[in-house]
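In what follows, a single structure is set out as structure tokens and then discussed.
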Amino acid sequence: MRQTWWRVLVGMVGMVGFVASSGCAGTGESFYLDVQPKPAMAQFAKVEPVKIVIEPFEDSRSEKGRVGQRTHLWGGVSYYDVAEGKPGEVVAQALAEMLKQRGWHERPWDVTLAPAGGAAANDADVVIGGQVLDCSANAKSRFFNTKITTESRLVLRVRNAADRSVVTRNVESARSDTVFWFDTDDVQALLATTIKDGIDRFIADTKIENRSLRPAH
């Protein structure tokens with residue numbers, strides 16, 4: 001009996017030591033997150049004959065730079081950022097990929113990424129741009145778990161060439177998760193899903209009609 005309790009005690013000490021080491025003090029290291037949504041590739045007969053150009057979104061976050069950080073159990077932090085530190089370009093690319101692969105009502109569209117105000121936008125039927133108001137991912141390590149929170153707030157501004165009308169949509173999304181075994185991939189996946197949630201809301205709230213983007217309701 002005494003030997004059994006000793007084994008249990010050793011196991012508990014080992015577990016605490018492992019958890020403690022997994023949440024050890026941060027060293028200020030930076031991690032770059034690949035947050036591009038990866039929707040399943042659908043099979044389409046043809047691409048719709050409406051040319052859509054996506055411009056990079058303006059970074060209008062109150063605090064630019066990194067998108068977030070992990071606070072370690074024993075002090076110190078690790079930092080998170082997206083590719084090249086440009087969430088506006090990341091959001092534009094994610095929107096373009098989702099419209100190419102799924103589009104409105106499961107129909108694909110002729111979608112091109114272009115520099116803001118670039119020549120590629122001059123002959124487009126629809127130009128989509130906007131602002132990134134928030135794109136953040138934070139993690140806080142505690143005993144036996146790490147809590148992850150992510151947020152995305154976007155302003156999508158659409159210009160229709162046919163009648164020169166403008167459609168504006170604000171979309172917000174947020175998620176949280178608590179994990180026992182923490183990995184940076186957990187933060188990456190949650191932020192990617194959060195960005196996808198916002199784009200999904202935009203697509204659900206709009207439609208393409210007469211070569212222009214309109215509110216769905």
Side-chain angles (χ1 to χ4, degrees), residues 12-39 54-98 113 115-116 128-157 169-202:
M12 291 177 63
V13 170
M15 178 65 71
V16 170
F18 183 84
V19 172
S21 65
S22 66
C24 61
T27 60
E29 185 178 4
S30 293
F31 296 88
Y32 289 88
L33 308 177
D34 175 10
V35 296
Q36 289 301 320
K38 297 174 175 61
I54 312 293
E55 297 179 333
F57 283 50
E58 179 184 351
D59 186 356
S60 299
R61 295 175 297 160
S62 57
E63 292 187 11
K64 296 179 176 60
R66 304 177 180 97
V67 300
Q69 64 184 37
R70 175 191 177 194
T71 304
H72 291 254
L73 179 61
W74 303 116
V77 295
S78 299
Y79 297 104
Y80 300 121
D81 208 346
V82 295
E84 299 182 5
K86 297 178 179 179
E89 293 186 3
V90 167
V91 169
Q93 184 178 350
L95 175 59
E97 288 303 316
M98 289 185 68
L113 276 171
I128 305 176
Q131 298 169 283
V132 177
L133 303 182
D134 190 8
C135 179
S136 58
N138 293 285
K140 183 176 179 60
S141 291
R142 305 170 293 192
F143 279 109
F144 301 109
N145 66 67
T146 297
K147 184 175 182 179
I148 307 168
T149 57
T150 57
E151 293 187 48
S152 173
R153 287 194 295 131
L154 308 174
V155 178
L156 294 106
R157 191 168 295 109
R169 285 289 180 271
N170 293 2
V171 293
E172 299 184 12
S173 51
R175 284 187 176 246
S176 65
D177 192 16
T178 300
V179 297
F180 185 77
W181 306 116
F182 175 81
D183 191 279
T184 300
D185 287 347
D186 299 323
V187 180
Q188 180 169 280
L190 198 64
L191 183 56
T193 302
T194 304
I195 293 172
K196 180 180 179 296
D197 286 345
I199 295 175
D200 281 340
R201 290 192 177 98
F202 169 69

With D134 via side-chain hydrogen bond (donor to acceptor under 3.5 Å, both in side chains) - residues at least two apart: S136
Sorted by chain and number, sequence neighbours left out, side-chain hydrogen bond (donor to acceptor under 3.5 Å, both in side chains) with D59 holds for R61
As an exercise, state the distance from [atom1] of [X] to [atom2] of [Y], rounded to the nearest 0.5 Å.
| X | Y | atom1 | atom2 | answer |
| --- | --- | --- | --- | --- |
| E58 | L133 | CD | CG | 9.5 Å |
| S176 | E151 | OG | CD | 10.0 Å |
| L154 | N170 | CG | CG | 9.0 Å |

Report yes if some heavy atom in the side chain of [X] is under 4.5 Å from a heavy atom in the side chain of [Y]; otherwise report no.
| X | Y | result |
| --- | --- | --- |
| I128 | E55 | no |
| V179 | N145 | no |
| Y32 | V82 | no |

Should D200 and K196 count as an ion pair when the cut-off is N to O under 4.0 Å? yes
Evaluate the criterion side-chain contact (heavy atoms from CB on, under 4.5 Å) for residue pair C135 and S152; output intermediate values, then yes/no. CA-CA 5 Å; C135 179; S152 173; 5.5 Å; no
Side chains of residues 182-195: which donor-acceptor partners sit under 3.5 Å, not counting sequence neighbours?
from	atom 1	to	atom 2	distance (Å)
D183	OD1	D185	N	2.8
D186	OD2	D183	N	2.9
Q188	OE1	D34	N	2.8
T193	OG1	A189	O	2.9
T194	OG1	T150	OG1	2.6
T194	OG1	L190	O	2.7

Go through the structure and list residues passing salt bridge (Lys or Arg N to Asp or Glu O under 4.0 Å) with R153, not counting sequence neighbours. none
Give the C-alpha distance, both sets of side-chain angles, the deciding distance and a yes or no for side-chain contact (heavy atoms from CB on, under 4.5 Å) between R142 and T71. CA-CA 9 Å; R142 305 170 293 192; T71 304; over 6 Å; no
When you look at H72 and S78, which way does the side-chain contact (heavy atoms from CB on, under 4.5 Å) test go after all the steps? CA-CA 8 Å; H72 291 254; S78 299; 2.7 Å; yes
Would you please name every residue forming a side-chain contact (heavy atoms from CB on, under 4.5 Å) with R157, sequence neighbours left out? Q131, V155, V166, T168
Distance-only donor-acceptor pairs under 3.5 Å for side chains of residues 86-95, two or more places apart:
none

More than 12 foreign heavy atoms under 6.0 Å from CZ of F31: is that the case here? yes
Nearest non-hydrogen partners of V132 and F57, listed with the distance: CG2-CB, 3.9 Å
Determine, step by step, whether S141 and T146 satisfy the side-chain hydrogen bond (donor to acceptor under 3.5 Å, both in side chains) criterion, reporting the C-alpha distance in whole Å, the side-chain angles of both residues, the deciding distance to 0.1 Å, and the verdict. CA-CA 4 Å; S141 291; T146 297; 3.1 Å; yes
Check whether NZ of the Lys or CZ of the Arg R66 lies under 6.0 Å from the centre of the six-membered ring of Y79 and within 45 degrees of that ring's axis. yes
Stepwise, does the side-chain contact (heavy atoms from CB on, under 4.5 Å) test hold for Q69 with N138? CA-CA 5 Å; Q69 64 184 37; N138 293 285; 3.8 Å; yes
